[in-house]
> 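I am attaching a structure below and will ask some questions about it afterwards.
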Amino acid sequence: MFDISSPTVFIPTIFLSLVAIFVSILYKDAKKNIHYHTKNLPYYTEISTSVDYIKNCILENGRFQYRKNVNPSIEYKNNIYNSLRHAGTLYSLYLYEKYGLETKYKDERVLASKYFIENYIKQLDSEKSFVITLPEEENIKFPIAKSGAVGVALCALSNLYNENEIELNILQSLGEFILYLTDESGKVFAYYDLEKNEINKNAEALYYAGECACGLLYLYEIDPQEKWLISAKNIISNIIKTRKKLEFEIPFDNWIALAIEILFEKNLVNQQEKNTYESFVEQMAIPILSKQITNINNSYCGAFNDNIMPCSIGTIMEGLASIYYCTSSKDLKKIIFKSLSIGCMFLSKVQVKTGENAGGLPNSANWVKAGVTPNASVIRIDNVQHVVTAWLKFQKILASTKKY
C-alpha cells in the first residue's frame, strides 16, 4: 500500500511537489513573456513573405524603396515617391504587430516612422502641422498638404506615443490641421495650397475624408479629447449624407468602413448612430459584392468584373473585413466571409512567390502573362501594404470564428 507517512515515500513526494510548484511558477512567468504568433492560421506564410518584402524595402535612413519590379534586373530611381503611401505602409507594419502578433520588425518600423516625421511633417503654425507632398516626388507644380495624408499619418503614428517614440503635441497638431480643413457640415477639403497659403476648396479626393475620420479616432484613443471624436463623427455623418442618396452607386470606401468599425469596437456610438452607420456600410457593400467573380472555374475567381489590380482588391478586402464587424445581419456576414475567402485566395495566387522580390504584389494580376504592359509587373510599396492589411484583417476573422 502507498504510505505517505513512510520516509521513503514522503521525502520524494515533497520533493516532487516542490518541483511541480517551481515549474508552475516558471511556467506562469514564462507565459507572460511568450510571444504568440499566428502561424497556425491561413495566410501566415503570405503575410510573412510580404512583410519581409516591406522590410527589405526600408533603406538605411528609413525611406522606403517605393518601386521595384518582378524582374530584379529592372531598377528604378527612388525620386518618385508618395508621402501618404509611406504613412500607409507604416500603418500596415503596425497592424502586423497588432494582429499578426510579430514584433520582429519593430525597430525597422520605428526607423521608417522617424524618417517620415523628420522629412514630411511640417508646421503650419504654432498649433497645426501637416504632411507635405513634394513637387519633385509626385510631379506636381507646387507643394501641397493633403488632408488624407494627415489622417493616415495619425493612424500610423499614434501607437508610437505609448512607446515614447513621438511627442503627443506632434500628433495633436496633426489633428488640429484636420479640424482646420473640415467645415461645420463635416466636409473635409482635399488639401492646403502651400503656394497660396490657403485651403483649396475646389479639389476633390474620394478617400481623404474617411482617412481623416480614422486618424482622428486613433488620436482620440491616446488623447481622449471630445473634439477629436466629435469631428470624426461629423465627417462620417457628412459622408453618409452626401453618398447615401447614390443608393447602389455608393463608391466603396475602406477607410469610412474602418472608421465605423473603430466606433463600434470602442462602443463610441449611441443606438441611433449605430443604426445609421450600419445601414450605410451594408448599402455600400452590396454593389461591390455583386461585381465579384465567384465562379471557381474562372481563373480570376475572387477578383472583380472590372478590377484585377491587387492593390485595389486589397483595399476592398480591408473594407469588407471592417463591414463584417459592423453588420448584425448573419446572411451578410456569410456573404462577406465567402467574398473574403475567395478574394484573399486570389491575392495569394498573384503574390510573387520566389526570387529577390518574393512577397511583392505587382500592379496587375496579369503580370505573369505575355504581352501585358511593362507597368503590370511594377511592384509599388502600397500594393503590398494594402494586401498585407487585407490578409491580416481576414486572419483576425478566421481566428475569431475558427472557420479554417
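The first residue of the sequence shown is numbered 1, and numbering continues consecutively from there.
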> Return yes if a side-chain donor-acceptor contact under 3.5 Å exists between Tyr115 and Glu60, otherwise no.
no

> Side chains of Gln172 and Asp223: any donor to acceptor distance under 3.5 Å?
yes

> Quick one: do Lys233 and Glu273 make a salt bridge, cutoff under 4.0 Å?
yes

> Would you call the rings of Phe337 and Tyr324 parallel, tilted or perpendicular, taking 30° and 60° as the class edges?
tilted

> Kindly write out the residues that satisfy side-chain contact (heavy atoms from CB on, under 4.5 Å) with Glu261, not counting sequence neighbours, or none if the list is empty.
Leu258, Ser322, Tyr325, Cys326, Lys393, Lys396

> Would you say the side chains of Asn270 and Gln272 form a donor-acceptor pair under 3.5 Å?
no

> Under 3.5 Å, is there a donor-acceptor pair between the Lys128 and Gln123 side chains?
no

> Going by atom types only, do Asp183 and Ser185 share a side-chain donor-acceptor pair under 3.5 Å?
yes

> Rounded to the nearest 0.5 Å, how far apart are OG of Ser147 and OH of Tyr180?
13.0 Å

> Decide yes or no for Ile132 and Ile121: does some side-chain heavy atom of the first lie under 4.5 Å from some side-chain heavy atom of the second?
no

> NZ of Lys201: more than 12 outside heavy atoms within 6.0 angstrom?
no

> Within a reach of under 6.0 Å around NZ of Lys338, are more than 12 heavy atoms found that belong to other residues, nucleotides or ligands?
no

> Does a side chain donor of either Glu127 or Ser173 reach within less than 3.5 Å of an acceptor in the other side chain?
no

> Under a 4.0 Å N-O cut-off, is there an ion pair linking Glu176 with Lys227?
yes

> Which distance, rounded to the nearest 0.5 Å, do you find between the CD1 of Ile293 and the CG of Asn298?
5.0 Å

> Taking all non-hydrogen atoms of both residues, which atom of Ala259 and which atom of Leu217 are closest, and how far apart?
O-CD1, 3.4 Å

> Taking atom types as modelled and ignoring hydrogens, do the side chains of Lys244 and Ser279 form a donor-acceptor contact shorter than 3.5 angstrom?
yes

> Kindly compute the distance separating CG (Leu320) from CZ (Phe394), expressed to the nearest 0.5 Å.
11.0 Å

> Looking only at side chains, do Glu46 and Ser348 share a donor and an acceptor under 3.5 Å apart?
yes

> Cation-pi check, Lys68 to Tyr53: give yes when NZ or CZ is under 6.0 Å from the six-membered ring centre and within 45° of the ring axis, no otherwise.
yes

> Between Glu136 and Lys141, does any side-chain N to carboxylate O distance fall below 4.0 Å?
no

> Please find the pair of heavy atoms, one from Gly148 and one from Cys212, that lie closest to each other, and give the distance.
N-SG, 4.2 Å

> Do you see a donor-acceptor pair shorter than 3.5 Å between the side chains of Asn363 and Asn375?
yes

> If I compare all heavy atoms of Phe304 with all of Ile308, which pair ends up nearest, and what's the gap?
O-CG2, 4.4 Å

> Does atom CD (Glu167) have a neighbourhood of more than 12 heavy atoms from anything else shown, all under 6.0 Å?
no

> Evaluate the side-chain proximity of Tyr220 to Glu226: yes if any heavy-atom separation is below 4.5 Å, no if none is.
yes

> On the 0 to 90° scale, with breaks at 30° and 60°, tag the Tyr218-Tyr94 ring pair as parallel, tilted or perpendicular.
perpendicular

> Take atom CD of Glu198 as the centre, draw a 6.0 Å sphere, and report whether it contains more than 12 heavy atoms from other residues, nucleotides or ligands.
yes

> Say whether Tyr120 and His86, considering side chains only, have a donor N or O and an acceptor N or O under 3.5 Å apart.
no

> Consider only side-chain N and O atoms of Tyr300 and Asn305, and report whether a donor and an acceptor are under 3.5 Å apart.
no

> Quick check: closest heavy atoms across Val150 and Leu174, and the distance to 0.1 Å?
CG1-O, 3.3 Å

> What pairs of residues pass the side-chain hydrogen bond (donor to acceptor under 3.5 Å, both in side chains) test when at least one of them lies in residues 151-161, not counting sequence neighbours?
Arg109-Asn159

> Rounded to the nearest 0.5 Å, what's the gap from CG on Asn119 to NZ on Lys122? Could you check?
6.0 Å

> Crowded around Asp125 CG? As in, over 12 foreign heavy atoms under 6.0 Å?
yes

> Looking only at non-hydrogen atoms, find the nearest pair between Ser329 and Leu332 and report the distance.
OG-N, 3.1 Å

> Evaluate the ring planes of Tyr43 and Trp391, with Trp represented by its six-membered ring, and classify them as parallel (under 30°), tilted (30 to 60°) or perpendicular (over 60°).
parallel

> What is the minimum heavy-atom distance between Trp255 and Gly210, and which atoms define it?
CB-C, 3.6 Å

> Within the 3.5 Å criterion, strictly below it, is a donor on Lys353 or Gln351 matched to an acceptor on the partner's side chain?
yes

> Indicate, with yes or no, if the rings of Tyr207 and Phe252 have centres closer together than 6.0 Å.
no

> Is it true that the side chains of Ser377 and Asn69 contain a donor and an acceptor less than 3.5 Å apart?
yes

> First locate atom CD1 of Ile230, then atom OG of Ser237, and finally report the distance between them rounded to the nearest 0.5 Å.
11.5 Å

> Keeping the roles fixed (side chain from Tyr192, backbone from Asn197), state whether a donor-acceptor pair exists under 3.5 Å.
yes

> Please determine if Lys106 and Glu165 form a salt bridge, counting it only when a charged side-chain N lies under 4.0 Å from a carboxylate O.
no

